[in-house]
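The structure appears right after this line, and notes come after that.
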Amino acid sequence: MNQYRSHNCSEISKKDIGKEVKISGWLNKKRDHGGLLFLDLRDNYGITQCVVDTEHDDFDKVESIRLESVLSVTGSVVERSDETINRNISTGEVEIKIKSFEVLNSSEVIPFQISQEDDAPEDLRLKYRFLDLRKSRLHKNILLRSNVISAFRKKMTSRGFAEIQTPILSSSSPEGARDFLVPSRLHKGRFYALPQAPQIFKQLLMVGGFDKYFQIAPCFRDEDARADRSPGEFYQLDFEMSFVSQSEIFEMIEPVIFEVFREFSINKKISPPPFEVIKFSEAMDIFGTDKPDLRNPLIIQDFSKEFLDSGFKIFEDNLKKNMVIKGIKVPNSSKKPRTWFDKLNKWARDLGQKGLGYIIFDDDEAKGPIANNLKKEKLSIIIGNAALKNGDCLFFISNERRNAEKFSSFAREKLCDEINLREKGSFRFCWIVDYPMFEFNNETKKIDFSHNPFSMPQGGMEAIKNYNPLEIIAWQFDIVCNGIELSSGAIRNHKLDIMIELFKIAGYEENDIKRQFGAIYNAFKFGAPPHGGAAPGIDRIVMLLAEEINLREVVAFPLNQQAEDLMLGSPNLIAKNHLKELRLKIEENKND
RNA sequence: GGGGGUGUAGUUCAGUUGGUUAGAACGCCUGCCUGUCACGCAGGAGGCCGCGAGUUCGAGUCUCGUCACUCCCGCCA
């Protein structure tokens, strides 16, 4: 028999009545009746109530044990009377009458409550993460994460994917996010970099003939945090396949994701495969973003044409300045008080817009300052094109295209929540496809890669020869769920001549590729198979499944927003001799 | 790098137009209590009101600065 327990804290039941058992765990709660004392013992699996009364010689000692101490209890399993059964816990029909006990490790007074939610500040929770992890919500999240990862492993393995590790000490890449650097002791002045993703390695695995690769891959990016973006590190279900088309990648991964969401969510409506496919350009038009939340029924329409020569001076002037006019129709809003519209207007101004104009449609007529200034025939065209019905409002955003798209996507979300239109209890997946290969950089006035320089352009060399670079579409795609980007992927470019042409467009010479991406350049001269893949973000998937809005709630030991570990105190200062060995010197700056 | 929010007891919060000794709940300590499971009852301890200036007869409250945390923008091919 195990030294510490015969059962865990969730498994003792009526069938054990009369048995002598031993359990160990944390003292979750005490209820002291003076002559009678109840102790709830908690472990990873559940809670068991133990009871002791003054007949026991060590009653006073038990009474004085502090919450969250670890103890083991030996005693007999006793049936509870009907009126004292606790239906909330699995062991609620029985309790343990304590014969003997041992405090295995006592606890000081805890800095925040564990047996009940107490909204402790996050920095305190992070400092005492080992206590925070005992709380049922976080504990469940971390176990969920474990189960999700394990399910992904099984599903990928059963589909013939090989799990292969790639290096953590890798080399800095010139494009993309800032790297974390690791100084080399053996090579003065040289650095490793932690991989932003195993991108190059997985492509080289394809060149190495492995056909189907996956990995639960840590990725490191030295960029600022968001609620859904951990600073420092995060995990992806990284996978890559040879001899596949985009649609075959979709067919492979859709059921994997669907099944995981179905297995690990309760009572949720989940988009079944095949997922909706939306072109990037279409998404930008309708949603103003390439990560639309499809639970939000509102859509964005363009009204630039309608406002030409319309009589509404402000928008006419904007159109002359090459701006656009976007509209969002919102149902059930015409009866909102004036203050509601004023607040929305203020909200828009706070976000740097000139305002948020609107037409109210009620009693079969359009009202409000914009409607009053519009020529009649233009107004009826707008009403017709927006299909306005009584009760609707049509909100307008006017700005330069990029800005208008971005803000209208915010407005679409804001208005949806204002009217409470968001579909509840569902996971809505879609693919965003056909990303442009290049984009025009307004600052440098040059053409840049818009997404991933290693994606295959649709149409291959023909497209490069026959189209304006900004019209070239890449075999590049994202998976989006409820407005969160879960994954991006691509059919990779495995042809060196095409790659050289693409890099030329972006202003690089062949030698630049050779120098910066030497391994790929080399490998693609020796028989690279056509290949492609993607990398769904594990943290975000678990976050959605756990219904958390912050990534830190699904990571066991997260960094805070400033990328510090408040428990270990990292990043920390390094001893002089350690630095010396690495031949590093810290430059003191007066401004620091 | 920039913008917003928050900062009062161990924790969550209240604190009036600036005005006596800064309150409550939970937690902690002490006592009472033999069927609780948010146990109950009584009492007690616990405060650099984030920090620093300033205005004022007087600042938790007003002003400026600063720090911490958080959300967002930039950034994240």
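Lettering of chains follows the sequences in order, A, B, ..., and the numbering in each one begins at 1. Bear in mind that the values here come from a model prediction, so they are computed numbers and not experimental data.
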Please compare A:I89 and A:Q116 by the position of their nearest nucleotide in RNA chain B and report the one closer to 5'. A:Q116
Any salt bridge between A:R221 and A:D179, counting N to O under 4.0 Å? no
Respond yes when some side-chain nitrogen or oxygen of A:K414 is under 4.0 Å from OP1 or OP2 of B:C72, and no when none is. no
Counting side-chain heavy atoms from C-beta on, which of B:U36, B:U34, B:C75 comes nearest to A:R31? B:U36
Does a side-chain N or O from A:Q562 land closer than 4.0 Å to OP1 or OP2 of B:U70, or not? yes
Of A:H531, A:E240, A:R492, which is the lone residue that meets side chain to side chain donor-acceptor pair (under 3.5 Å) with A:Q203? A:H531
Salt bridge check, A:K127 against A:E122: does any charged N sit closer than 4.0 Å to a carboxylate O? no
Closest-nucleotide mapping onto RNA chain B: is A:A177 or A:D228 further toward the 5' terminus? I mean the 5' end. A:D228
When all nucleic acid strands are considered with a 4.0 Å heavy-atom cut-off, which category describes A:D224: base, sugar-phosphate, or nothing? base
Respond yes when some side-chain nitrogen or oxygen of A:Q561 is under 4.0 Å from OP1 or OP2 of B:C71, and no when none is. yes
Under 5.5 Å and under 30°: A:F38 stacked on B:U36: yes
Mind checking A:T54 for me? I need base, sugar-phosphate or nothing, with any heavy atom below 4.0 Å counting as a touch. base
Please work out if A:R125 contacts a base, only the sugar-phosphate, or nothing of the nucleic acid, heavy-atom cut-off 4.0 Å. nothing
Which part of the nucleic acid, if any, lies within contact of A:E95, taking any heavy atom under 4.0 Å across all strands shown: a base, the sugar-phosphate backbone alone, or nothing? base
Taking only side-chain nitrogens and oxygens of A:R552, does any of them come within less than 4.0 Å of OP1 or OP2 of B:C71? yes
Salt bridge check: are A:D132 and A:R125 linked by an N-O gap of less than 4.0 Å? yes
What does A:Q49 touch in the nucleic acid at a heavy-atom separation under 4.0 angstrom: a base, only the sugar-phosphate, or nothing? base
According to a strict under-4.0 Å criterion, is A:N560 in side-chain N/O contact with OP1 or OP2 of B:A68? no
At 4.0 Å (heavy atoms only), tell me whether A:L37 reaches a base, stays on the sugar-phosphate, or touches nothing. nothing
Check the phosphate of B:C75 against A:R229, side-chain N and O only, distance under 4.0 Å to OP1 or OP2. Yes or no? no
Would you measure the distance from the P atom in B:G74 across to the matching atom in B:G2 and give it in whole Å? 16 Å
With the threshold set at 4.0 Å, does a side-chain nitrogen-carboxylate oxygen contact exist between A:E510 and A:K504? no
